[in-house]
Amino acid sequence: MQKLLSNILTVLLLSTFSSLLFAQTETQDQCITCHKELDDELLLPAKKYVTDVHYSKHIPCSGCHGGDSKSDDMDIAMSKENGFIGVPDRSVRYEVCIKCHANKEAMKIYGSNLPVNQFENLKNSVHFQPTYNNVGPIADCVTCHSVHDIKQVDNPKSTVYPTKIVSLCGSCHSNANFMKNYNPALPVDQVVKYKTSIHGKMNLKGDPNVAECASCHGSHDIFAVKDSRSHVYKTNIPEVCSRCHSDSKLMSKYNLPSDQYSSYVKSVHGVALLEKGDLSSPSCNDCHGNHGAIPPGVESISKVCGNCHVLNMELFEQSPHKKAFDENDFPECETCHDNHDVVHPTDAMVGIQESSVCMNCHSNDDKGYIVAKNIKVLLDSLTTEDTETKKILDEATQKGMDVSDAEFSLKDVRQILIQSRTSIHAFNMNKFKEAITPGFKIIGKSKKAGVDAIDDYYFRREGLSIATLIVTILVIGLYFKIRKMEKKKNQKT
Amino acid sequence: MKNSNKKTIKERTYSWLDERFNLSGLIEFAKKKSVPKYRETIWYYFGGVALLLFIVQVITGILLLMYYQGTENSAYESVKFISTKVSFGWLIRSVHSWSANLMILSAFIHMFSVYFLKAFRKPRELTWYTGFGLLVMAMAFGFSGYLLPWNELAFFATKVGTDIAGQLPLIGKPILELLRGGEDVTGATLSRFFGFHVAVFPGIFTILLALHLIFIQRQGIAEPEDWKDLPDNEKKYIPFFPNFTMRELLIWLIVINVLAILAVFFPWELGTKADPFASAPVGIKPEWYFMFMFQSLKFLPAEILFLTGEFVGIAAFGIAGILWFLVPFWDRRTPKGKRNTIINYIGIFAVIFIIVLTILGFILD
């Protein structure tokens, strides 16, 4: 019963609220009638508003400006008593929009299923911060959606339609004079770069499906890139890109695969970034660029990877592989390591066994085969020696011997192994030997320290046994000497 | 021919020394010395054991001093160096640590045996006083030496130990600052403890030990209380030289063996370096010979009447220590040849109290 009454009351309230707005549009909007007779800036709003989505929803001028749109008497129509506010103040004009756009019931009346959280999102965003001269928020609803000729987002005439939004954002973000008021360090070349990207090129051709500013940065809830709430915060980027690039239907239109994201999340980079939260690990944009996103060219892959893997890049570029790969159009790093699904490299990748990537190109009798074989032998040898030495040192430690210096030195072997694995990228036996040899020297010293410590352990016990034996013999001897001496004395007594 | 030459050299050496140092007099003195032989004679050896261990402490301490560096930045490293790099350094350090503990244990046993045998009675009051002083000094050696490796446990144990001293009214703070060389345990405390351990305490200890031994030599070994009524022919003695000395030597050899086994099989750990900014590890405990006092203070309530529990505890131990020290003074019955069973009850109570509280200190958190 109570619920029924509540429903009736809601219906009544809604019908009253809508009748207030509809009632005005049932008759001719007198504001427009009058303003059409006026000149220039007073005429323009009236001319534009008839094309506005709000006009099509029968919202009169008074919906935003207040007053009485039905009255043809200017004094009545624009009287303060009737709530006329004129041009809403810059600092609070968003309040006019959120009267409806933050009100679910009001939006329902106009048959709109638009979300009503835009203002909530905007309020927390970087754009809603006050301007440097404190005239209101940096950007509010009107800044992007314009006024009097607002269109639905999917209307190509809308200022925020995908093909238009780039120039809209660029109107501020490409304006160095404007941007330096807020963030002088922020680049202003995003639009220029965007136009060089595949996304930008397609967008310029009028394709609304490719990524534009809002696709990645969001629309109302835009935050600084370093803010973890941002859509383009490093750990959020793979998911943002995947919204389109994992959509097989969409990607098939462009003849692109859609498995990059699923490959990336399993890769060493994806695991480091998304699971371990390692922000130094690359996200999509680190290799492909962000505003100028484009797949790296075959010959520039080592440069792209080399942004992080500097040594590997330098060594590769001096290696005999560089020329051979370029001549055969092999995509440099990707040839051995793959691209999106880069896995943690293991020693099994080199050598002459089946798992080795070297064997993809080299065969039994060529020079590369021998180099690969020797590299693997040395690498395995140092790894095995390292493990064995660690076992020896552990045994010494378990026996209570201090081998901390040797253990500390042994850590350098792990570093040398990393350096040696890096030096593989020179594909030069001499360079590899130069890198790995110090490791064998350290192993030799550490192993000796461990063995000596274990020997010392047994020496201590053997020494103790001998010393104890000698002392015990002395004790026994002394005991008998005392007994003999006292027996003799007793006999005398 | 060879033997007769050897004897001649021996004889000639003896007469050379005798002529200058009157060795015959010393030998005569030693021959006359004797030790009562009865069922409690075993306790007479513990003073000698403590002396042996003190000698071991001096020798190993001097060897450690050759490498030890008593500063905040190098103390831990130098002890580590001794334990790992110096030939037999590990053994010297381990023997020094074990010997210190065994010395204090021997000194305790020696003190209680003297107490229960009432050997402190007239005319040996001063021997008792110097002996008590030696025990206190041995504990002070232990307390100061514990900090020297500058490891985590020692650092916090010293902090707790000196904190307790700081609880005393009026003199607490000056004592605390005197010990620590400031308000906190720092490198200054380490330098100070090092100075106490290797210069101040050995000086005092040597004087007390010399007095203690001189008194024993002058007065001879105490006879049992009930021997005064025995006829001379029923009193049995062991000649001090060579019989008692050889028996003592036999025990010394056994102690050396035990010490070597402990040092090799249970080498003294170094732990991690002290970090004054780290939080105290769980279960900080003092050395075992301070445990009964530490545990007693823990059992006391925070406040007793209008005084803090710790103050009451420290005052109680202070008074008990003074009374124990002054036992020859207030025990009026024993010198008169009467049995003083209260002395025995107090002694038994003290032994049980120390053993129980020490065990509780180790098994309770």
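Keep in mind the model is a prediction, meaning the values are calculated, not measured.
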Within a radius of less than 6.0 Å around [atom1] of [X], do more than 12 heavy atoms belonging to other residues, nucleotides or ligands occur?
X	atom1	answer
B:Lys235	NZ	yes
A:Lys373	NZ	no
B:Tyr67	OH	no
B:Gln217	CD	yes
B:Trp43	CH2	no
A:Lys390	NZ	no
A:Tyr182	OH	yes
A:Phe480	CZ	no

Q | Under 4.5 Å from a heavy atom of chain B, the part of A:Leu464 involved | A | side chain
**Q.** A:Thr472 portion near chain B, given a 4.5 angstrom heavy-atom threshold
**A.** both
Under 4.5 Å from any heavy atom of chain A, what part of [X] do you find: side chain, backbone, both or neither?
X	answer
B:Phe265	both
B:Ile238	side chain
B:Trp252	neither
B:Ile261	both

(Q) Below 4.5 Å, heavy-atom pairs only: which of B:Leu91, B:Val264, B:Thr84 has the largest tally toward chain A? (A) B:Val264
Q | Note, B:Lys80 side chain near A:Ser404 side chain (heavy atom, < 4.5 Å) | A | yes
Q: Compare every heavy atom of B:Trp90 with every heavy atom of A:Asp456, then report the nearest pair and how far apart it is.
A: OD2-NE1, 4.4 Å
Q) Of all heavy-atom pairs between B:Asn257 and A:Val471, which one has the smallest distance, and what is that distance? A) OD1-CB, 3.5 Å
Can you measure from [atom1] ([X]) to [atom2] ([Y]) and round to the nearest 0.5 angstrom?
X	Y	atom1	atom2	answer
B:Glu248	A:Leu478	CD	CG	11.5 Å
A:Glu486	B:Arg247	CD	CZ	4.0 Å
B:Leu253	A:Tyr479	CG	OH	15.5 Å
B:Ile256	A:Thr468	CD1	OG1	11.5 Å
A:Asp402	B:Phe81	CG	CZ	12.5 Å

